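Since the model is a prediction, treat every value here as computed from it, not as a measurement. The chain is numbered in sequence order, starting from 1. All ligand and atom numbering here is 1-based and tracks the order in the structure.
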Amino acid sequence: MDKVLYSSTRDSSKKVQASQAILQGLSEDGGLFVPDHIPVLDKSLRELSEMGYQEIAYEVMKLFLTDFTKEELEDCIQKAYDSKFDTKLIAPLKEAEGTYYLELFHGATIAFKDMALSILPHLMITSAKKNNAKEQIVILTATSGDTGKAALAGFAGVEGTKIIVFYPKNGVSPIQEKQMVTQKGDNAFVVGIHGNFDDAQTGVKQLFADKNLEAQMKESGLRFSSANSINIGRLVPQVVYYVYAYAKLLKEGKVADGEEINVVVPTGNFGNILAAFYAKNMGVPIAKLICASNENKVLYDFFRTGSYDRNREFVLTSSPSMDILISSNLERLIYRIAGNDAKKNSEFMTSLSQNGSYAISQEMKAQLEDFYGNYASEQETADRIKELYEKTGYVIDTHTAVASAVYRKYKEETGDTRQTVIASTASPFKFTRSVMNAVDSKFDSMTDFELVDELSKIAKVTVPNAIEEIRTAPVLHDTVCDKSEMKATVEKILGL
Ligand SMILES: *Cc1c(COP(=O)(O)O)cnc(C)c1O
């Protein structure tokens, strides 16, 4: 079979196997691991349309993780996509206003990060075994809300691992925070920081790059790895659901074999939409990749002008998981459109870390034709939730609403009537207050859990387990530190 090897976006001289890239997370030089080529599906779309989620997951992932045996990969898939999901379909498609919402929020923490984080721990443990890595794996993660809980849920209680999650103390929704600070498991640690998501992410990156810390860890039999979407073991499982979505549309006769569709993705760190781009390159007939931002519209500006510029005000929005000014995974796309040129990519990334900006050439920009970027304001996002609910009874969360509002702008601008799949990235129950306020301001005075019950009534959807669980759960984590104290906090937790 066609072998795929991985190299860093900042140094393509060293190539590693998929399992090594997963184990390491980030490359030593600070770059991200990228596949040396994107494999093409070896089953027809028609064949895939007869398969369930787990089977499609195998067909997609086997092509990327070529040093995993069939047994290893199937074992990981079976452990991940099981009854933790509240539907056998894993990722159902719901039609509203003639558009398809791919519901990626039926896992343990009701946001799309579960799609990858329910399998990552198994991929990682398998990778450690394959590489004879004896150290205990310490997962270090920065979260804008959803990753943290999904990673905690994935790794809690997994033998041979510890997990430490940093989140911006005032930058996540109350339900997101409650989900994290009630996390059980002796190997799980949750820390709030005084700072925003970018501060948390930058801090984590610095810890990963800290050679002294690494040596200290090694002495204690520990090694870091990352559960952030920079880990290739996060990205690959996300390709699966785009293949699955197309297969389902084909199966149900909503598209003809080979008919192109558009995909709309509410975007923050650029992981999810990059996975859609990989799916397209594997052979899924996708025309446009529509990149939807909230008021932190750094990506919209980038697609429009070719300049990436994080020097701007950071806006706290009702879609906090997209409140991001440094979209880490964009580096993988930059590397690609720079002609897989690690040196050129490194120059852009150095400029980003030193000046907060970089500008790509016209030649590179011309390769971004598959992408369309736009953004939705807070008002447009709220209006979209209300309007869709009033017209169809379907209630979407704030992140999905950003995508839905951007899709509407795209359609108005282009007149493109292709069938379209919107990645629905969170359950409305996770952002209940913003969602209910959008539907009607009269809900403003209710408590979070009263709102949950009200949402259940109006949406005619039972309250998800993930929410029921935290109603009465005790707070188990109350550590808060300054963004400058992240290293000391990690050392304390690990007893270094
Ligand atoms: C993480 C997240 C996003 C953004 O996904 P990226 O892969 O970072 O672009 C969007 N919506 C929700 C609900 C999320 O949790």
Just distances here: any N/O of Asn269 and N/O of ligand 1 closer than 3.5 Å?
yes
For atom 12 (C) of ligand 1, closest protein heavy-atom neighbour
Thr425 OG1, 3.4 Å
Atoms in ligand 1 flagged as close to Ala426, the criterion being non-hydrogen separation under 4.0 Å:
13 (C)
Specify whether Phe277 and Phe371 have parallel, tilted or perpendicular ring planes, treating 30° as the upper limit for parallel and 60° as the lower limit for perpendicular.
tilted
Relative to the ring of Phe208, is the ring of Phe224 parallel (under 30°), tilted (30 to 60°) or perpendicular (over 60°)?
perpendicular
Those atoms of ligand 1 less than 4.0 Å from some heavy atom in Thr267:
9 (O)
Return yes if a side-chain donor-acceptor contact under 3.5 Å exists between Thr317 and Ser319, otherwise no.
yes
Yes or no on ring pair (Phe, Tyr, Trp, His ring centres under 6.0 Å) for His399 and Phe431, after CA distance, side-chain angles and deciding distance?
CA-CA 9 Å; His399 303 73; Phe431 300 94; 4.5 Å; yes
Under a 4.0 angstrom heavy-atom cut-off, which atoms of ligand 1 come close to Pro266?
4 (C), 10 (C)
Protein residue, atom and distance nearest to atom 4 (C) of ligand 1, heavy-atom basis:
Gly268 N, 3.6 Å
Which atoms of ligand 1 are found less than 4.0 Å from any heavy atom of Met322?
10 (C)
Cation over ring, Arg310 on Tyr308, under 6.0 Å and within 45°?
no
Using the six-membered ring wherever Trp is involved, compare the ring planes of Phe85 and Tyr81 and label them parallel, tilted or perpendicular (cut-offs 30° and 60°).
tilted
Spacing of Ile422 atom CD1 and Leu104 atom CG [to the nearest 0.5 Å]
12.0 Å
Asn272-ligand 1 polar pair, N/O distance under 3.5 Å:
yes
What atoms in ligand 1 come closer than 4.0 Å to a heavy atom of Gly271?
6 (P), 7 (O), 9 (O)
Select one of side chain, backbone, both or neither to describe which atoms of Phe270 lie under 4.0 Å from any atom of ligand 1, heavy atoms only.
backbone
Between ligand 1 and Lys113, is the shortest N or O to N or O distance under 3.5 Å?
yes
Does either side chain, that of Ser307 or that of Tyr358, offer a donor lying less than 3.5 Å from an acceptor on the other one?
no
What I want to know is whether Phe112 and ligand 1 share at least one N or O pair that is separated by under 3.5 angstrom.
no
